[in-house]
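Position 1 is the first residue of the sequence; numbering continues from there.
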Amino acid sequence: MSNQDQNQNQNQGQNQNDMNSKDFLIGSLIGGLVGACAALLFAPKSGREVREDLNQGASYMRERAGEWKDVAYEKSGEWKDRARESSAQLSQNLSEKSQDIQERVKDKVGEFRSKDEAEEAAEEVAEAIEEAAEELERQQEPSTSSNL
């Protein structure tokens with residue numbers, strides 16, 4: 001059996017385990033709800049008492065939901081502040097890095113320009129030396145031809 005076949009078998013087994021655990025959780029939830037309904041229906045209480053219990057349970061859940069909402073607002077405010085601080089820090093770091101890179105680029109461009117200028121100056125000096133040498137040769141030619 002190849003490694004690929006073994007990996008596929010392992011993945012299928014893992015997927016089946018995941019589905020089994022999901023099915024178990026869903027079944028447990030449904031079973032709990034059915035059991036709670038059955039307990040309410042067959043409880044030795046009058047209808048009025050059951051309704052009062054349901055109303056109390058509903059009020060309790062409303063209060064809890066309000067508390068959870070408040071906690072969620074607080075947490076979201078904290079996360080928003082953290083995100084704002086993180087983005088400000090990231091923005092600052094990015095700005096510093098971009099300025100650093102910009103300075104480096106300017107330095108390199110300046111170096112290239114100065115190298116280009118130096119090369120141009122060296123070429124001009126070389127041309128001037130050649131012209132001077134040619135001029136000297138021209139000046140020496142008439143004097144050497146007259147000496148012959």
Side-chain angles (χ1 to χ4, degrees), residues 1-140:
M1 189 183 275
S2 70
N3 286 339
Q4 188 176 15
D5 292 337
Q6 289 175 350
N7 287 339
Q8 286 178 349
N9 288 340
Q10 289 174 351
N11 288 340
Q12 287 174 352
Q14 187 176 9
N15 288 340
Q16 287 177 344
N17 287 339
D18 291 343
M19 289 174 75
N20 287 340
S21 60
K22 287 179 187 176
D23 291 341
F24 176 75
L25 289 174
I26 292 171
S28 298
L29 182 63
I30 292 172
L33 290 174
V34 169
C37 290
L40 286 175
L41 292 175
F42 295 111
K45 291 184 178 181
S46 67
R48 178 175 290 168
E49 291 174 346
V50 171
R51 285 191 299 274
E52 287 176 4
D53 289 346
L54 288 174
N55 284 334
Q56 287 176 351
S59 336
Y60 174 74
M61 290 305 291
R62 237 182 271 123
E63 290 173 9
R64 290 296 304 235
E67 292 171 6
W68 291 340
K69 178 188 72 159
D70 294 339
V71 169
Y73 278 129
E74 289 175 15
K75 292 292 182 185
S76 67
E78 290 174 10
W79 290 344
K80 180 178 72 172
D81 293 340
R82 285 184 192 167
R84 189 177 293 145
E85 290 171 5
S86 296
S87 65
Q89 183 66 30
L90 181 64
S91 172
Q92 183 181 3
N93 289 344
L94 184 63
S95 175
E96 290 172 359
K97 294 292 183 185
S98 66
Q99 287 176 355
D100 184 43
I101 290 172
Q102 187 178 15
E103 289 175 11
R104 287 183 184 177
V105 167
K106 284 181 181 178
D107 291 343
K108 292 296 181 185
V109 167
E111 288 176 15
F112 287 134
R113 284 184 183 162
S114 62
K115 285 181 183 177
D116 289 343
E117 291 172 359
E119 287 176 8
E120 289 175 8
E123 288 176 10
E124 289 175 8
V125 168
E127 289 175 6
I129 290 173
E130 287 178 17
E131 289 176 5
E134 289 174 4
E135 186 66 34
L136 276 175
E137 287 177 10
R138 278 189 231 137
Q139 287 177 2
Q140 287 179 355

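- Taking CZ of Arg51 as the start and CD of Glu49 as the end, the distance is 10.5 Å to the nearest 0.5 Å.
- None of Arg64, Gln56, Arg62 except one satisfies the side chain to side chain contact (heavy atoms under 4.5 Å, CB included) rule with Tyr60; the exception is Arg64.
- If you take OG on Ser91 and CD on Glu96, they are separated by 10.0 Å, rounding to the nearest 0.5 Å.
- The closest donor-acceptor contact from the side chain of Ser76 to the backbone of Ala72 lies under 3.5 Å.
- You'll find the side chain of Leu25 stays beyond 4.5 Å of the side chain of Leu29, heavy atoms only.
- Here the side chains of Gln89 and Glu85 are not in contact, with every heavy-atom distance at 4.5 Å or above.
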